[in-house]
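Since the structure comes first, as structure tokens, the remarks are kept for the end.
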Amino acid sequence: MAGIEEISPSSGPVETRPPEDEIEGDDEDDELDETLTERLWGLTEMFPDSLRSAAEVSVDCSLSVAKKLYSFTRSALWVGTTSFMILVLPVVFETERLQLEQQQLQQQRQILLGPNTGMSGGMPGMMPSAPGKM
């Protein structure tokens with residue numbers, strides 16, 4: 001019955017839980033300072049050597065393909081961009097310049113010949129008169 005007296009309230013306070021600051025950190029985690037990479041590397045030991053070598057080959061091939069694809073994409077983008085700038089942009093600028101010249105000529109015609117001539121491009125004497133305005 002000595003065990004019952006130790007648990008009873010008359011025996012006084014018995015500390016059964018560690019203080020809060022000791023609960024937060026486990027002693028095992030403090031001793032093992034492994035990184036995620038080290039833990040994953042340790043887990044590879046449970047797989048057979050053939051599977052590990054196959055995984056290594058597939059990762060190496062994937063990295064090689066990704067590097068080659070990146071290099072090809074960079075080169076293709078450079079060729080495409082420079083070709084566009086050399087071949088297409090001058091044509092775009094020239095058509096824009098021609099449209100601007102035509103617009104300026106049309107504005108000059110409107111100023112010199114009247115407001116109705118700019119729309120049709122004809123001479124003012126050749127246009128039929130509007131009905132009901134005579």
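As the structure is a prediction and not an experimental result, all values here were calculated from the model. Residue numbers count from 1 along this sequence.
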Point to revise | E96 atom CD, neighbour heavy-atom count above 12 within 6.0 Å | key: no
Nearest-0.5 Å distance, [atom1] of residue [X] to [atom2] of residue [Y]:
X	Y	atom1	atom2	answer
S83	L89	OG	CG	11.5 Å
F84	L87	CZ	CG	10.0 Å
Q102	R97	CD	CZ	11.0 Å
Q108	I111	CD	CD1	7.0 Å
D33	E38	CG	CD	9.5 Å

Check your understanding: Heavy-atom distance under 4.5 Å between the side chains of E101 and L98, does that happen here?
Key ->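 The answer is yes; the side chains approach within 4.5 Å.
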Study note, to complete from the structure: In short, E45 meets R52 closest at the heavy-atom pair CA-NH1, 4.0 Å
Practice item. Treating Ile, Leu, Val, Met, Phe, Trp and Tyr as nodes and any side-chain heavy-atom pair under 4.5 angstrom as an edge, say whether L40 and M46 lie in one connected cluster. Key: no
Practice item. Would you kindly confirm whether V88 and F93 end up in one hydrophobic cluster when ILVMFWY residues are joined by side chain heavy atoms under 4.5 Å apart? Key: yes
Check your understanding: Looking only at atom types and distance, does a side-chain atom of T95 sit under 3.5 Å from a main-chain N or O of V92, one as donor and one as acceptor?
Key ->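 Yes; judged by distance alone, with no hydrogens or angles, the pair exists.
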Review point. Do the side chain of T82 and the main chain of W78 share a donor and acceptor less than 3.5 angstrom apart?
Key: yes
